[in-house]
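Since the structure comes first, as C-alpha cells, the remarks are kept for the end.
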Amino acid sequence: MEQIFTAMGAKYNYVAYIILMMVGLYAMIVKSNLVKKIIGMSIFQTSIILFYVSTAYKTGKTIPIVPYDAHAAVQAADFINPLPHVLMLTAIVVSVATLGVALALAMKIYRQYGTLEEDDIHEDLRSEEGKS
Amino acid sequence: MIVLTVIVGLLMAVGLFIFLTAAVGMIRFPDFYSRLHPAGMIDCMGVLLTMGGLALFALFDGGISLASFLNFAKIVLIVVFIYITSPTATHAIIDAGMRAGLQPWTKKKDM
Amino acid sequence: MKITGLLTVIICGALLTYYAMDFPDFGDGRSPANTYLSPHFLENTMHDAHVPNSVTTILADYRGYDTMYETTVVLTAGLACFFLLRRKESTSPPARFFRHVPTGLTLRIEEGGKLPAENSKVFTRIDSLWAPDSLIIRNTCRLIIAFVQLFALYVVAHGHYSPGGGFQGGVLLGSSIILFSISNDLRRTLKRFREKTAAVLGAIGVLIYSGTGFVCLLMGAHFLNYEALSPLLGLKTGDPMARSHGIFSVEIGVAFAVMSVMIWIYYNLSSAGKHDEGL
Amino acid sequence: MSLPIDFIVLALVVICGIVAISVKDLMAAAIVFSAYSFLMCLSWAVMGAVDVAFTEATVGAGVSTVFCVAAVFHSTRRTKD
C-alpha cells in the first residue's frame with residue numbers, strides 16, 4: 001500500500017484521469033436519466049484526453065511552437081511533445097459532434113415517450129408489448 | 001526596474017484581494033440578486049487591476065519593442081471586452097431571475 | 001443495478017491503477033511516447049513547411065488524412081442531427097404573439113385568428129416564451145459579434161504562428177452566429193443564414209479539403225502532398241512556402257465545415273427541428 | 001515546481017465532475033459541466049497544450065453548453081437521480 005502511494009505521488013495526473021474515468025463510467029452505467037448519461041460520456045472522453053495530454057508533458061519545457069529563425073537547429077528535447085495534442089484536438093471537435101447527435105437522440109426519445117428516464121421508457125415498452 | 005516590480009506587485013496584490021472579497025461575498029450574501037452583485041461588479045475591478053499589472057509588466061519588462069507593445073495591446077483588449085460583456089451578462093441573468101419570479105430578500109421587521 | 005455498476009467501476013479503476021504504476025513518471029522527457037516520432041516532426045517543421053507551430057503542421061500536413069476524415073465525421077454529425085430532428089410539416093402553435101412596434105403592445109392571436117402580413121413593418125412576431133425586447137443585450141451583442149468574427153478570422157489565418165487554426169476559428173465563427181440567434185430570435189437569424197446555406201457551406205468545406213488533395217494528385221504527386229502545388233502558386237520547386245499555403249487552404253476548408261455544422265446542429269437542437277421558435 | 005496550482009486545478013476538476021453527475025436539476029448539471037470543461041481547459045493550458053486548451057475553451061465551455069441547454073429547454077429539467 002505504501003508503495004502504491006509513493007508511486008502515485010509522481011503520477012497524480014494519472015490518478016485524476018482514473019478518477020474521472022470512474023465517474024464517467026459510473027454515470028453511464030447507473031444513472032437512469034439520458035442527459036446525465038450523455039454528460040457522463042463527455043466526462044469519460046475528457047478523461048481520455050487528459051491522459052493523452054499528460055503523456056505529452058515534459059517538466060520545465062516550453063510549448064511546441066519553435067522559434068522563427070529557420071537556420072538554428074531545433075532541439076526537440078526543449079519542447080513538449082506535439083503529437084498527442086494533434087490527436088486530441090480532433091477528438092475534442094468530434095466529441096462535440098457526438099454530443100450533438102446524442103442530444104438529438106435524447107430529444108427524439110423525449111418526443112416519443114414523454115420522459116427522459118430509462119426506467120419509465122422500459123415500462124412503456126413492456127406495456128406496449130403486453131397490449132399487442 | 002525595482003519601481004516596476006513594486007508597482008506591478010502592488011497592483012496584482014490589490015486585484016487578487018478584490019477577487020477574494022468577491023468570492024467571500026458570493027458565498028456570504030443571502031439571496032440571488034445580492035450574490036450577483038459581487039460576481040458582476042467587483043470582478044470587473046479585480047480584472048482591471050490584475051490585468052493592468054500584467055500589461056505594465058508586458059510593456060516595460062525587457063524594453064519597449066513592437067512585440068512587447070503587441071502583448072500590451074492584447075491584454076488591454078481583454079480588459080475592454082470584459083468591461084463590455086460582463087455587465088451585460090449580469091444584466092441578462094438578473095432579468096431572467098426577475099421574470100422567473102424570484103423575490104428579492106428583504107429584512108423582515110416582525111421576526 | 002446500482003451495486004453492480006459500482007462494483008464494475010471499482011474493479012475497472014483498480015485495474016487501471018495497477019497498470020498505471022508501470023507508466024513512466026509524469027513529466028518524463030525520455031518516456032516512449034516522447035521519443036520515437038515526435039522529435040522528427042518538431043525538428044523538421046520549419047524546414048519542411050516553414051510553419052513554426054508544429055501542431056498545425058502535424059494536423060494538416062503530416063497527418064492530413066486523419067484530419068480530412070475528422071472533418072467528414074463532423075459533417076456527418078450535422079447530417080445525423082438534421083435527419084433525426086427536422087420536421088417539415090408545420091405544427092402551428094396554439095397561439096402566436098406579435099408586438100406592435102410603435103406602441104410596444106403585445107398581441108396574442110389564437111389559432112385561426114387573422115395574422116398580420118409576413119413582412120409587416122408594424123407588427124413583429126415574438127416567441128411565446130418571450131424575452132422582453134432588451135435594448136442593452138441586443139446592442140451589446142451586435143457590438144461584440146463583429147469583434148468575435150474578426151478574431152475568428154485572425155485565428156484561422158494566424159494558426160501557423162500561434163495557437164489556433166481551422167477548428168478553433170470555425171467554432172468561433174459558428175458561435176458568433178449562435179450568439180446572434182440567442183440575443184435576437186431564430187427567425188431573424190434564419191433570414192440571414194439559412195439552413196440550406198449551412199448545409200452547402202459544410203459540404204463546400206469538405207470539398208475544399210479533399211479538392212486541395214485532389215489538385216496535388218493532378219499535379220503528379222501523392223494525395224495531399226502540397227509540394228506539388230508550387231507551380232500553381234508561382235514558387236520554385238521544393239520551396240517550403242508551397243506546403244505552408246497548402247496547409248492554409250486546408251485550414252479554410254476545416255473552418256467552413258466546422259462553422260456551418262455547429263450552426264446547423266444549433267438550429268435543429270434549439271427549435272426541436274421545427275425552425276419556428278428558438279431558444 | 002508547478003505542483004500546487006496543477007494539483008488544485010485537478011482537484012477542482014474532479015469535484016466539478018462529481019457534482020455534474022449528482023445534481024438533481026438538469027440545467028444546473030449543464031452549467032456545472034461547462035465549469036468542468038473550463039477548469040479542464042485551464043489544466044491543459046498549465047500542461048502546455050495550448051492548442052488543445054483553446055479548442056476546449058471554444059468547444060467544451062462554449063458550444064456544448066449551448067447544446068445541452070437547448071436540449072434541456074425542449075425536454076424536461078427534472079430528473080429522479
Side-chain angles (χ1 to χ4, degrees), chain A residues 12-13 15-17 19-20 23-24 26-27 30-36 38-40 42-43 46-47 49-50 52-54 56-65 79-80 82 84-86 88-93 95-96 99-100 102-104 106-107 109-111 114-117 119-120, chain D residues 1-3 6-7 9-24 26-27 29-30 32-33 36-37 39-41 43-60 62-81:
Chain A
Y12 55 93
N13 269 53
V15 177
Y17 120 78
I19 294 173
L20 283 176
V23 168
Y26 179 79
V30 174
K31 297 285 175 184
S32 76
N33 191 286
L34 289 173
V35 175
K36 281 280 176 65
I38 292 166
I39 287 178
S42 284
I43 289 175
T46 19
S47 82
I49 297 170
L50 176 65
Y52 266 75
V53 172
S54 303
Y57 185 67
K58 298 175 189 169
T59 313
K61 302 300 192 297
T62 182
I63 56 174
I65 297 177
F79 298 98
I80 293 170
H85 296 178
V86 176
M88 292 307 112
L89 190 72
T90 46
I92 290 175
V93 179
S95 88
V96 76
L99 180 79
L103 287 172
M107 276 168 74
I109 288 170
Y110 183 78
R111 203 189 282 163
T115 177
L116 280 178
E117 307 288 328
D119 313 343
D120 300 352
Chain D
M1 194 69 184
S2 71
L3 191 138
D6 210 3
F7 198 78
V9 170
L10 279 174
L12 281 173
V13 164
V14 171
I15 291 169
C16 275
I18 292 171
V19 170
I21 66 158
S22 60
V23 74
K24 290 264 192 270
L26 284 182
M27 197 68 94
V32 174
F33 183 61
Y36 165 86
S37 289
L39 284 167
M40 195 59 124
C41 143
S43 134
W44 292 336
V46 169
M47 276 189 245
V50 275
D51 279 272
V52 187
F54 192 4
T55 318
E56 177 74 10
T58 52
V59 167
V63 176
S64 73
T65 310
V66 175
F67 287 173
C68 276
V69 168
V72 172
F73 185 76
H74 280 285
S75 50
T76 174
R77 271 180 78 156
R78 279 193 302 274
T79 167
K80 278 192 280 189
D81 55 4

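Labels below follow one simple rule: chain letters A, B, ... track the order of the sequence lines, proteins then strands, and each chain is numbered from 1. Note that this is a predicted model, so its numbers are computed, not measured. Values below: all heavy atoms of this structure, side chains included; hydrogens, waters and symmetry mates excluded.
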Write down the atom of D:Gly17, the atom of A:Ile43, and the distance for their closest heavy-atom approach.
-> O-CD1, 3.8 Å

Examine whether an atom of D:Met40 lies under 4.5 Å from a heavy atom of chain A, and if so say whether it belongs to the side chain, the backbone or both; otherwise answer neither.
-> side chain

Closest non-hydrogen contact found for A:Tyr110 with D:Thr76 is CE1-CG2, 3.8 Å

Contacting moiety of D:Phe33, where chain A heavy atoms sit under 4.5 Å | side chain

Side chain to side chain contact (heavy atoms under 4.5 Å, CB included) assessment of D:Thr55 paired with A:Val93 = CA-CA 8 Å; D:Thr55 318; A:Val93 179; 4.0 Å; yes

Check whether A:Ser54 gets within reach of chain D through its side chain, its backbone, both or neither, counting any heavy atom under 4.5 Å.
-> both

For D:Val52, is it the side chain, the backbone, both, or neither that has a heavy atom closer than 4.5 Å to a heavy atom of chain A?
-> both

Do you know which of A:Thr115, A:Ile65, A:Val35, A:Val53 has the most heavy-atom pairs with chain D at a distance under 4.5 angstrom?
-> A:Val53

Can you tell if the side chain of A:Ile92 reaches within under 4.5 Å of the side chain of D:Glu56, non-hydrogen atoms only?
-> yes

Option that, when pairs with chain D are counted at under 4.5 Å, heavy atom only, ranks first among A:Leu50, A:Thr62, A:Leu89 | A:Leu50

Side chain, backbone, both or neither: which part of A:Ile19 has a heavy atom under 4.5 Å from chain D?
-> side chain

Relative to chain D, which segment of A:Ile49 carries a heavy atom at a distance below 4.5 Å: side chain, backbone, both, or neither?
-> both

One should read off an interatomic distance between A:Lys31 NZ and D:Thr79 OG1, to the nearest 0.5 angstrom, of 7.5 Å

What are the two closest non-hydrogen atoms of A:Met107 and D:His74, and how far apart are they?
-> CE-CB, 3.8 Å

Which portion of D:Leu10 sits near chain A, non-hydrogen atoms under 4.5 angstrom = side chain

Using non-hydrogen atoms only, which part of A:Ile39 is less than 4.5 Å away from chain D: side chain, backbone, both, or neither?
-> both

Side chain to side chain contact (heavy atoms under 4.5 Å, CB included) between A:Leu103 and D:Val72: does it pass, once the steps are laid out?
-> CA-CA 9 Å; A:Leu103 287 172; D:Val72 172; over 6 Å; no

Using only heavy-atom distances, determine whether the side chains of D:Tyr36 and A:Thr46 contain a donor-acceptor pair under 3.5 Å.
-> yes

If you count the non-hydrogen atoms of other residues, nucleotides and ligands that lie under 6.0 Å from CZ in A:Arg111, is the total more than 12?
-> yes

Of the backbone (N, CA, C, O) and the side chain (C-beta and beyond), which part of A:Leu99 lies under 4.5 Å from a heavy atom of chain D, both, or neither?
-> side chain

Report the C-alpha distance between A:Asn13 and D:Met47 in whole Å, list the side-chain angles of each, state the deciding distance to 0.1 Å, and finish with yes or no for side chain to side chain contact (heavy atoms under 4.5 Å, CB included).
-> CA-CA 10 Å; A:Asn13 269 53; D:Met47 276 189 245; 2.9 Å; yes

For the atom pair OG (D:Ser75) and CD1 (A:Ile109), what is the distance rounded to the nearest 0.5 Å?
-> 11.0 Å

Check A:Ile63 against D:Gly48 and note the closest heavy-atom contact, atom names and distance.
-> CG2-O, 3.4 Å

Check whether A:Tyr26 gets within reach of chain D through its side chain, its backbone, both or neither, counting any heavy atom under 4.5 Å.
-> side chain

Would you give the length of the straight line joining atom CG of D:Leu26 to atom NZ of A:Lys36, rounded to the nearest 0.5 angstrom?
-> 6.0 Å

Non-hydrogen atoms of chain D under 4.5 Å away: do they reach the side chain of A:Leu20, the backbone, both or neither?
-> side chain

With a 4.5 Å heavy-atom cut-off, do D:Val50 and A:His85 have their side chains touching?
-> no

Against chain A, label D:Thr58 side chain, backbone, both or neither, depending on which of its atoms sit under 4.5 Å from a heavy atom there.
-> neither

